[in-house]
Amino acid sequence: MRKFYIENELGQKWDLQDPQKTIQTTVNGIGFAYSNDYFNLGSRFVKNRSEITQKSIEFKLLVRSHIIYKNFIDFILSGEKYKLVYDMDGNVYYIDIDILEVSKNDIIKNDYLTINFKAKNTSLFYKRIEKVYIMKSGANENRWDVKFEFKFEDNVAGTIDAKNNGQISSGFKVEIDGYTENPSIIIIDKFGVETVIPFRIQVGINEKLLFSTLDDDLYAVLQKPSGTVNILNSLDFTKDNFVKLKTGENTVKITGNVSSAKFILYEGYISI
């Protein structure tokens, strides 16, 4: 069974298929399209550029009363950033949206008002993965079963098998807890190609190094009890730091005297 929700940046959700409030009857725009450029070569047309175009999502909604419509408008106005949440039998996908229009037909039919809802997609669909990763253990090491959180001994690299089941290379976030000095994130893809992201920085006790490679949320910061500090200057810009996790099998390592860390993958999908 599929379900649709709208979620704001505060984590508040509006169920679009709650029969006591709002019923979503039709949806358009769950898909993708390409914009291609071609040049003429004799009797052929050869494609020289192709990119995914921005799509719109449109709903028709039924609401039971003017009061519920007002509550829906109040929900829309209560936030600034929105996601459409698409739940298919427990497989939850997100797409970031900008809301363009919410309008209603004031004629009540069968005890319902009709609402037109329009939004622009500002991302592809993605899935925020929360898998259980098992630390690889060697001699004199321990093994933990954890949910995106892993711990390891001093001077031992934390290693996880990170599989990207999405349709495109996908962004990720990493949190590294102090105390540590000069940690590195190492990614090894299925072809054995290694990418190293080194940080020339000291992360104190009760501090966190936060790093993101999401296209619309790139950052490298140090979170202190007193606030957050930009640490982009700790990166080596002779390297490609804001990389994506390629599709398929990957190995992720975190090196340094790290006590604990977290790795979160946002699997990307062109269409679902």
Answer yes or no: is there a side-chain heavy-atom contact under 4.5 Å between [X] and [Y]?
| X | Y | answer |
| --- | --- | --- |
| Y112 | V63 | no |
| N8 | S78 | yes |
| T25 | L62 | yes |
| V102 | I73 | yes |
| L222 | E207 | yes |
| K104 | N116 | no |
| W14 | K21 | yes |
| I187 | L245 | yes |

Checking ring-ring contact (aromatic ring centres under 6.0 Å, His included) for the pair Y93/Y269: CA distance, chi angles, key distance, verdict? CA-CA 9 Å; Y93 301 86; Y269 294 82; 5.2 Å; yes
Within the 3.5 Å criterion, strictly below it, is a donor on [X] or [Y] matched to an acceptor on the partner's side chain?
| X | Y | value |
| --- | --- | --- |
| N164 | S170 | yes |
| D96 | T122 | no |
| N71 | Y69 | no |

Residues [X] and [Y] bridged, charged N to O under 4.0 Å:
| X | Y | result |
| --- | --- | --- |
| K262 | D177 | no |
| K246 | D189 | yes |
| K3 | D87 | no |
| K173 | E175 | no |

Determine, step by step, whether Y5 and Y86 satisfy the ring-ring contact (aromatic ring centres under 6.0 Å, His included) criterion, reporting the C-alpha distance in whole Å, the side-chain angles of both residues, the deciding distance to 0.1 Å, and the verdict. CA-CA 7 Å; Y5 305 87; Y86 189 17; over 10 Å; no
When F4 is tested against each of D15, T22, L61, L84 for side-chain contact (heavy atoms from CB on, under 4.5 Å), which residue passes?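 Looking at D15, T22, L61, L84, the match for F4 under the side-chain contact (heavy atoms from CB on, under 4.5 Å) is L84.
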Stepwise side-chain contact (heavy atoms from CB on, under 4.5 Å) test for Y94 and K127: CA-CA 6 Å; Y94 303 87; K127 193 173 183 180; 5.9 Å; no
Donor-acceptor pair, distance only, cut-off 3.5 Å: does the side chain of [X] make one with the backbone of [Y]?
| X | Y | answer |
| --- | --- | --- |
| N40 | G42 | yes |
| E58 | N28 | no |
| E267 | N165 | yes |
| T213 | F172 | yes |

Looking at Y38 versus F45, is the centre-to-centre ring distance below 6.0 Å?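 When the ring centroids of Y38 and F45 are compared, they turn out to be at least 6.0 Å apart.
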Cluster partners of L210, using ILVMFWY side-chain heavy atoms under 4.5 angstrom, listed by chain and number?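 So far as hydrophobic clustering goes, L210 is joined with Y219, V221.
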Partners passing salt bridge (Lys or Arg N to Asp or Glu O under 4.0 Å) against K118 (at least two apart in sequence or in another chain):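 With neighbours one apart ignored, the set is E101.
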